[in-house]
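When reading the values below, keep in mind they use all heavy atoms of this one structure, side chains included, and skip hydrogens, waters and symmetry mates.
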Amino acid sequence: MLDEATVALAASVGSGIVQAAGTDVWGVFRNRLARLLGRGNRQQETAQRERLDRTAAELAAAVRDGAGPADGAAGQPSRHGAAWRARIEDLLEQLEPDERVAVAAGLRALLDEVAPESVRPAAGGVEGNVFLGPTAVQSGDGNVQVNRFGSRP
């Protein structure tokens, strides 16, 4: 099981993907993220790059088509952000502790260096909100807040 800071990092990467898609930084962001996720395996890196491209294409199509909430387009960003968050969490959980620390550091560096300004925490600002089931994760200004809803067992 991942600690709260790592879960928040995965959520930030998911938000970063959604926000970077279609921007001037997308190519660099996509390539560096695919390289991190591929971890030296060229086939895996290519597969991740293709998956990122599909995400960007679906987000662009939703914007281009101008579909409204009744058409499901309003949920596209959160759906893709949540899917990528889950993929990042799955990857990090599978890694040995030393490798997990290295990959997490690479993800943080990527967000710091390449992600659009709106993904990075601003002084006193909120970086991202992710609501998944009975848990909400909010990160920003160097802090992480995790709220779990429901009764305790």
task: Please name the pair of heavy atoms, one in Gly14 and one in Trp84, separated by the smallest distance, quoted to 0.1 Å.
output: CA-CB, 4.0 Å
message: If I compare all heavy atoms of Ala21 with all of Leu59, which pair ends up nearest, and what's the gap?
response: CB-CD1, 4.1 Å
- prompt: Where is the tightest heavy-atom contact between Val103 and Leu36, given as atom of each residue plus distance?
  reply: O-CD2, 4.5 Å
- request: Run the salt-bridge test on Glu50 and Arg30 with the 4.0 Å N-O cut-off and return the result as yes or no.
  value: no
- prompt: Do Arg108 and Glu113 pass the salt bridge (charged side-chain N to carboxylate O under 4.0 Å, His left out) test, and can you show the C-alpha distance, the side-chain angles, and the key distance before you say yes or no?
  reply: CA-CA 9 Å; Arg108 281 187 201 93; Glu113 296 170 21; over 6 Å; no
Set of salt bridge (Lys or Arg N to Asp or Glu O under 4.0 Å) partners for Arg87, sequence neighbours left out: none
message: If you compare all heavy atoms of Leu95 against all heavy atoms of Leu91, which two are closest, and at what distance to 0.1 Å?
response: CG-O, 3.2 Å
Minimum-distance pair of heavy atoms, taken over all atoms of Ala20 and Val25: CB-CG2, 4.3 Å
message: Applying a strict under-4.5 Å side-chain criterion to I, L, V, M, F, W and Y, I'd like to know whether Val28 and Leu33 cluster together.
response: yes
query: Looking only at heavy atoms, which two atoms of Asp53 and Trp26 are closest? And how far apart?
result: OD1-NE1, 3.9 Å
statement: Applied to residues 91-101, the salt bridge (Lys or Arg N to Asp or Glu O under 4.0 Å) test, sequence neighbours excluded, yields Arg39-Glu99
query: How many angstroms lie between CG in Asp112 and OG in Ser12, if you round to the nearest 0.5 Å?
result: 10.0 Å
- request: Give the intermediate values and the outcome of side chain to side chain contact (heavy atoms under 4.5 Å, CB included) for residues Arg35 and Gln44.
  value: CA-CA 9 Å; Arg35 196 169 26 254; Gln44 185 63 21; over 6 Å; no
message: Please report the interatomic distance CZ(Phe29) to CG(Leu111), rounded to the nearest 0.5 Å.
response: 5.5 Å
- prompt: Has the side chain of Ser15 got a donor or acceptor atom that lies under 3.5 Å from a matching backbone atom of Ala11?
  reply: yes
message: Is there a side-chain contact between Leu110 and Val13 in this structure, where contact means two heavy atoms from C-beta onward sitting under 4.5 Å apart?
response: no
query: Do the side chain of Thr55 and the main chain of Arg51 share a donor and acceptor less than 3.5 angstrom apart?
result: yes
task: Among Glu45, Arg49, Gln48, find the residue that satisfies the side-chain hydrogen bond (donor to acceptor under 3.5 Å, both in side chains) test when tested with Asn31.
output: Arg49
